[in-house]
Amino acid sequence: MQYRTLAETYEELNATMSKLAKAEIVAKLLKKTPSDEIEKVTLLLSGRIFPEWSDQKIGVAEKLVIKAIAKATGSSVDNIVKEFKKTGDLGFTAENLIEKKKQLTLDQLDLTVKLVFENLTNLAQQEGSGSQEKKLDLISELLSAAEPLEARYVIRTILEQLRVGVAKGIIRDAIAQAFEVDKKIVESAWQSTPNYGLIAKTAKTDGEKGLKKIGVVIGEPFQVALAEKVPDLKDAFEKFSNLLLEYKYDGMRILIHKKGDKVWLFTRNLEDITKQFPDIVELVRKNIKADKCIIDGEAVGLTEKGKPIPFQKLSTRIKRKYDIEKQSAEIPVQVNLFDVIYADGKFTTELPLHERKKILAKLVTSHKGKFQIAKGLIPKDLAEAQKFYDEALKMGHEGLIAKNLDAVYVPGRKVAGGWLKIKPTMENLDLVIIGGVWGTGKRAGTFGSLILGLRNKHLFQACGKLGTGLKEKEGSGVTLQHLAKILKPLVIEENNNEIKFKPEILIEVAYEEIQKSPQYESGFALRFPRFIRLREDKSAKDADDINRINVLYKQQKGKR
Ligand code: AMP
């Protein structure tokens, strides 16, 4: 396929805001794309060359692109930088300069999707000495063959800033439309293999039948099963007749994939964290008997005394790129395993949980406190369940997960019928909005996030950032627009995008947990704060204060 066809499609996508129209445009292109190119085209449509879950990057900086434009057009670097400053978009710069150059030269070779994809993949693989030169050649080769419009999109794709507004949902709808398959089947294929390139190809060549066969792949992440929140244990008894209760460990979801000696570790957000946890890799190699398997579990960080540490601290290990070994020693982890997705040649997702549990038990050599099967109980009655719940909290865990022993494993869905989470709810707080950042895109004119403040004598100190929760409350009359209207007259300081407000507006906020944090001046941070309502009946002086938060923090620790 000519790259021009793709570039023209980007232009069409650019010209409409409507999601429906965008899906139709993408569907039209997918329909006419040959099956041997559809994977590439689908990925390029959302501005990528790697599947959604991959953290591989093309890894080219603006500076190098400027040099490549110079090489391909003969324009000077200074001139390119000058042009770039006018629009802030190197895509446009390349387009304009190639336009000028084309007027002087004869027509050249046609640029194909294949060549663009090949060169981009090649770019991502370059490292070490001589790599800059090679990258320069790869980019300028594309630019030399490109028409002006093509150059714009090649450059934007290289810089990973395509900006034509094709989100995942649009690709999903377009695949369904183009190949007349059910949207839900496309979505569920994506839960198992988050790669729309492969999904589009399968839909084109094998239709719904093929999509239904798309399963989890060893070595590639998938959307894990999730839990629904219920108020208390009674709900679990009402929902499931065949009930299992398990400790809800407060750590990091970990999906262990193993093929022979090779081990991969993924998080629930599809991140590959194998490199950051060599200690877990070693435990898996030694203590999992299957040659090939995928196991689901939770890794918890531990104190020296073996007590769970807050997730916040464990998460520093996820972000760590250097001194990994040192940190493994400083923050040891405990791995709790609770499910199996694949074991030696067979997917186990269609089996009921009680059978999966048997398979899991056979696969794992347990080491108490280090690498073990999650602690569970099949309760006789509510009293026994309550005792188990209290025990979990006393041990420092978050609560319980209730599971239906008859349920299958469904990737990516909050299966009513699958897992329920039960944990103590924290009392809501009344806090003052003291700052924020202006919103962009859909949120232009309103806010991207708001800073919450607690009272400390006559001061208001930040203790958290509110990102979402307002849109859902539209029915209750408080929208982001409404908040913007009452907050705008209160702006007292603006610094770039950041704003400070006169502390007047009080809101009620729910949250998951109070954490100690040096990041905020109050010394506390609320985890996942959510907007509940405006407290127009109260004023800033009625806001919850630092002493109250201290008490709640201690109570919460006592509960755990
Ligand atoms: P939440 O993050 O509050 O939605 O709760 C669901 C999360 O609890 C899962 O994604 C796991 O990371 C975690 N979890 C801890 N213990 C268990 C368990 N025994 N079974 C399933 N999930 C667990």
Side-chain angles (χ1 to χ4, degrees), residues 191 221-233 235-236 239-240 243-256 265-271 273 277 280 294-302 308-312 314-315 317-318 333-341 349 353-354 356-357 360-361 364 366 369 371-379 385 388-389 391-393 395-405 407-426 468 510-515 526-530 556 559-560:
Q191 306 287 2
F222 56 93
Q223 298 287 321
V224 294
L226 296 172
E228 245 184 328
K229 190 166 183 180
V230 288
D232 59 42
L233 274 170
D235 299 82
K239 284 215 161 143
F240 304 150
L243 172 69
L244 167 75
L245 296 173
E246 271 175 8
Y247 280 1
K248 183 178 193 306
Y249 300 95
D250 184 15
M252 162 188 84
R253 185 77 171 264
I254 188 153
L255 276 295
I256 299 170
L265 306 173
F266 296 105
T267 66
R268 134 183 184 170
N269 299 329
L270 316 179
E271 279 169 282
I273 48 160
F277 290 89
I280 302 185
I294 302 176
I295 291 178
D296 197 351
E298 182 91 353
V300 187
L302 297 178
I309 57 167
F311 167 74
Q312 202 187 5
L314 173 66
S315 71
R317 280 198 63 182
I318 304 178
V333 292
Q334 172 190 86
V335 182
N336 301 285
L337 306 165
F338 49 72
D339 221 316
V340 55
I341 283 86
T349 45
L353 178 60
H354 59 86
R356 299 202 302 278
K357 285 281 182 191
L360 179 67
V364 179
S366 273
F371 193 78
Q372 59 195 9
I373 305 277
K375 176 131 180 182
L377 171 83
I378 298 177
F388 190 59
Y389 184 32
E391 175 191 301
L393 295 178
M395 301 274 294
H397 304 303
E398 238 190 312
L400 295 179
I401 299 261
K403 296 183 177 176
N404 178 0
L405 279 163
V408 298
Y409 188 106
V410 185
R413 238 177 268 156
K414 298 201 180 197
V415 219
W419 297 0
L420 305 171
K421 56 183 170 190
I422 304 137
K423 52 185 185 183
T425 35
M426 300 293 296
T468 54
Y511 53 94
E512 297 270 315
E513 193 185 356
I514 302 173
Q515 298 173 329
L526 301 182
R527 190 164 172 211
F528 304 133
R530 293 187 308 284
Q556 161 195 291
K559 271 185 197 160
R560 326 185 100 224

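Values reported hereafter were calculated over all heavy atoms of this structure, with side chains retained and with hydrogens, waters and symmetry mates removed. Atoms within each ligand, like the ligands themselves, are counted from 1 in listed order.
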Novice: Any N/O of K403 closer than 3.5 Å to an N/O of ligand 1?
Specialist: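 Yes: some nitrogen or oxygen of K403 is under 3.5 Å from one in ligand 1.
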Novice: If you measure every N or O of E398 against every N or O of ligand 1, does any of those distances drop under 3.5 Å?
Specialist: no
Novice: Identify which of E228, R268, M252, K421 has a heavy atom lying nearest to atom 7 (C) of ligand 1.
Specialist: R268
Novice: So which bit of Y249 gets within less than 4.0 Å of ligand 1, heavy atoms only: side chain, backbone, both or neither?
Specialist: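 Near ligand 1, Y249 shows its backbone as well as its side chain.
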Novice: At a 4.0 Å threshold, what atoms of ligand 1 neighbour a non-hydrogen atom of Y247?
Specialist: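 In order of number, 16 (N), 17 (C), 18 (C), 19 (N).
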Novice: Short N/O distance, under 3.5 Å, between W419 and ligand 1?
Specialist: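 In this structure, W419 places no N or O atom under 3.5 Å from an N or O of ligand 1.
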Novice: Does E298 reach the main-chain N or O of G251 with its side chain, forming a donor-acceptor pair under 3.5 Å?
Specialist: yes
Novice: Any chance you could lay out the salt bridge (Lys or Arg N to Asp or Glu O under 4.0 Å) test for K403 and E246, step after step, and finish with the verdict?
Specialist: CA-CA 8 Å; K403 296 183 177 176; E246 271 175 8; 2.8 Å; yes
Novice: In terms of ring plane angle, is the pair H397 and Y247 parallel, tilted or perpendicular, where the classes change at 30° and 60°?
Specialist: tilted
Novice: Once you round to the nearest 0.5 Å, how far does CG of L405 lie from CG of L243?
Specialist: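 Answer rounded to 0.5 Å: 7.5 Å.
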Novice: Is the closest heavy-atom distance from K423 to ligand 1 below 4.0 Å?
Specialist: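 Within the 4.0 Å threshold, so yes.
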Novice: Which of the atoms in ligand 1, numbered in the order shown and given with their element, are less than 4.0 Å from a heavy-atom of E246?
Specialist: 18 (C), 19 (N), 20 (N)
Novice: Check the side chains of Y409 and D296 for a donor-acceptor pair under 3.5 angstrom, ignoring hydrogens and angles.
Specialist: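 The criterion, which ignores hydrogens and geometry beyond distance, is satisfied for Y409 and D296.
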Novice: Compare all side-chain heavy atoms of V333 with those of I280 and state whether any distance is below 4.5 angstrom.
Specialist: yes
